[in-house]
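Working notes, beginning with the structure itself.
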Amino acid sequence: YALIAIPPKLKALYGMTPYIFTALIIYIPIYYELHDLIQIRAAAACAFLLLALNPLSNKRYWTATLLMIIAILFHYSSVVFIPFLFIGNRQLGYNSRLVVACVIPVCFVIYLMGKDLFSLIPSSILGGKLDYYQKTSEKGEWEMALLYKNVYFMLKVAMMYLCLYFYNHIVENNRLAPLLLNLFLASILSPMLFSTIPVIASRVSDMYGIIDCIVFTFALYLFSPRYLARFGILIIGIYMLIYHMMSDDYFF
């Protein structure tokens with residue numbers, strides 16, 4: 001699984017950002033630990049999903065679809081990428097960016113009220129596995145940290161607003177930016193939209209979140225001198241590495 005997952009990911013990252021080592025500062029302490037060391041099928045799936053992004057941005061839809069199908073064969077949660085086959089690398093206009101800027105706090109308020117998309121679905125309609133996840137979450141067998149106490153999540157929200165404000169400048173420097181920012185937004189919204197079933201919320205968010213390492217490199221386009229941005233990203237990477245080492249028995 002490591003041979004299937006890691007080399008394609010590195011190849012995909014090289015094709016999406018010139019700041020590969022800066023991207024790895026985010027990828028290694030978060031998603032390498034989460035996927036490549038633990039959820040190995042999800043790691044392989046994410047490799048093919050990342051490979052699909054370049055063809056998708058170039059409107060090579062058949063290639064992107066094939067890679068997504070391979071990803072789904074490794075892990076069914078990869079189906080969450082299918083809507084982006086239709087969205088593609090379409091840019092967000094000014095009004096769309098305003099809507100996105102408003103959607104995040106609205107979803108956060110709904111999350112604080114204890115509501116989400118599953119709250120709108122009658123329990124009789126939920127499938128067997130969804131029903132199981134919902135019951136186990138109610139018993140406390142699946143838990144997720146409160147989002148407003150999740151430092152990394154709040155940093156992602158701050159980065160999203162920074163990218164929305166400097167959207168045109170970022171798009172000029174990275175042709176994949178529209179697609180990556182749409183995925184980044186999905187990784188932010190999914191923990192709030194599926195909060196009553198934490199296991200689904202975290203898995204969906206983690207699948208989308210694989211592109212975090214690239215989006216955080218966008219800070220290098222915005223700050224001068226660039227070593228300030230690199231230092232900030234390094235601090236985030238070190239913080240997440242220590243956090244996972246302290247909270248996960250896997251490292252001990």
Side-chain angles (χ1 to χ4, degrees), residues 2 5-39 42-43 46-47 49-50 53-54 104 144-167 169-188 190-191 202 205-252:
I6 297 175
K9 282 181 184 174
L10 293 176
K11 175 179 173 56
L13 291 178
Y14 270 109
M16 288 187 280
T17 178
Y19 306 114
I20 183 67
F21 291 106
T22 305
L24 291 177
I25 291 173
I26 296 294
Y27 167 72
I28 291 175
I30 303 173
Y31 293 101
Y32 176 78
E33 181 270 337
L34 179 66
H35 287 160
D36 296 288
L37 297 183
I38 302 174
Q39 300 176 18
C46 285
L49 292 172
L50 284 175
L53 298 184
N54 249 317
I104 295 174
M144 188 168 65
L146 296 173
L147 294 179
Y148 53 83
K149 293 184 178 180
N150 187 325
V151 174
Y152 183 67
F153 176 80
M154 299 308 292
L155 285 170
K156 286 179 63 170
V157 172
M159 187 64 193
M160 186 70 212
Y161 277 106
L162 192 65
C163 290
L164 287 174
Y165 188 80
F166 294 102
Y167 185 84
H169 179 68
I170 291 172
V171 170
E172 288 175 3
N173 285 274
N174 190 307
R175 63 179 181 82
L176 283 166
L179 174 57
L180 296 176
L181 289 176
N182 285 332
L183 290 166
F184 192 63
L185 175 64
S187 74
I188 291 172
S190 50
S202 61
S205 180
D206 292 340
M207 291 301 287
Y208 287 134
I210 192 67
I211 53 83
D212 288 2
C213 59
I214 307 168
V215 173
F216 272 99
T217 65
F218 292 168
L220 298 175
Y221 304 135
L222 307 178
F223 294 93
S224 182
R226 284 181 176 171
Y227 68 78
L228 293 176
R230 285 194 173 97
F231 181 74
I233 294 170
L234 179 63
I235 293 298
I236 296 172
I238 292 173
Y239 167 79
M240 291 306 298
L241 178 63
I242 294 173
Y243 173 81
H244 283 136
M245 290 180 68
M246 296 298 291
S247 62
D248 294 344
D249 292 337
Y250 184 86
F251 281 92
F252 299 93

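Note that the coordinates shown come from a computational prediction; the quantities given were computed from them, not determined experimentally.
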#### Entry: Y239, OH atom: more than 12 neighbouring heavy atoms under 6.0 Å
yes
### Task
Supply the atom-to-atom distance K156 NZ to I104 CD1, rounded to the nearest 0.5 angstrom.
11.0 Å
### Message
What verdict does the side-chain contact (heavy atoms from CB on, under 4.5 Å) test give for I211 and Y27, after you've listed the backbone C-alpha separation in whole Å, the side-chain angles of each residue and the deciding distance to 0.1 Å?
### Response
CA-CA 9 Å; I211 53 83; Y27 167 72; over 6 Å; no
### Query
Do the side chain of H169 and the main chain of L222 share a donor and acceptor less than 3.5 angstrom apart?
no
### Minimum side-chain heavy-atom gap I170-Y167 below 4.5 Å
no
### Query
Step by step, would you call I210 with L183 a side-chain contact (heavy atoms from CB on, under 4.5 Å)?
CA-CA 9 Å; I210 192 67; L183 290 166; over 6 Å; no
### Query
At what distance, to the nearest 0.5 angstrom, does CD1 of I25 lie from CD1 of I238?
8.0 Å
### Task
May I ask you to decide if the ring planes of Y31 and H35 are parallel, tilted or perpendicular, using 30° and 60° as cut-offs?
tilted
### Query
Side-chain contact, heavy-atom cut-off 4.5 Å: Y32 with I6?
yes
#### Entry: Atom OH of Y165 with >12 non-hydrogen neighbours under 6.0 angstrom
no
### Task
Sequence neighbours left out, what passes side chain to side chain donor-acceptor pair (under 3.5 Å) with Y152? Give chain and number order.
D212
## Note on the structure
Heavy-atom closest pair (S224 atom, L228 atom, distance to 0.1 Å) is O-CD1, 4.3 Å
### Task
Go through the steps for D206 and I30 under the test side-chain contact (heavy atoms from CB on, under 4.5 Å), then give the verdict.
CA-CA 10 Å; D206 292 340; I30 303 173; over 6 Å; no
### Query
About how many Å separate CZ of F166 and CG of N173, when rounded to the nearest 0.5 Å?
12.5 Å
Under 3.5 Å, sequence neighbours excluded: what are the donor-acceptor pairs made by side chains of residues 14-24?
from : atom 1 : to   : atom 2 : distance (Å)
T17  : OG1    : Y19  : N      : 3.1
Y19  : OH     : R226 : NH1    : 2.8
Y19  : OH     : R226 : NH2    : 3.4

### Message
Is the shortest side-chain heavy-atom distance between L50 and P8 below 4.5 Å?
### Response
no
### Summary
CE of M207 to CG of L49, rounded to nearest 0.5 Å, is 5.0 Å
### Message
Test of understanding: with side chain to side chain donor-acceptor pair (under 3.5 Å), list the residues that count as partners of S205, not counting sequence neighbours.
### Response
none
#### Entry: Closest contact, heavy atoms only, K9 versus C46
CE-CB, 4.0 Å
### Query
Is there a side-chain contact (heavy atoms from CB on, under 4.5 Å) between V151 and Y243 once you walk through the steps?
CA-CA 10 Å; V151 174; Y243 173 81; over 6 Å; no
## Note on the structure
To the nearest 0.5 Å, atom CG of L185 lies from atom OG of S187 at 7.5 Å
### Query
Hey, does the side chain of N182 reach the backbone of P178 with a donor-acceptor pair shorter than 3.5 angstrom?
yes
### Task
Indicate yes or no: at least one non-hydrogen side-chain atom of M159 is less than 4.5 angstrom from one of F184.
yes
### Rounded distance [0.5 Å steps], CZ in F216 versus SG in C163
8.5 Å
### Query
Do L53 and L180 touch side chain to side chain, with heavy atoms closer than 4.5 Å?
yes
### Shortest non-hydrogen contact between A2 and P7, atoms and distance
O-CD, 3.4 Å
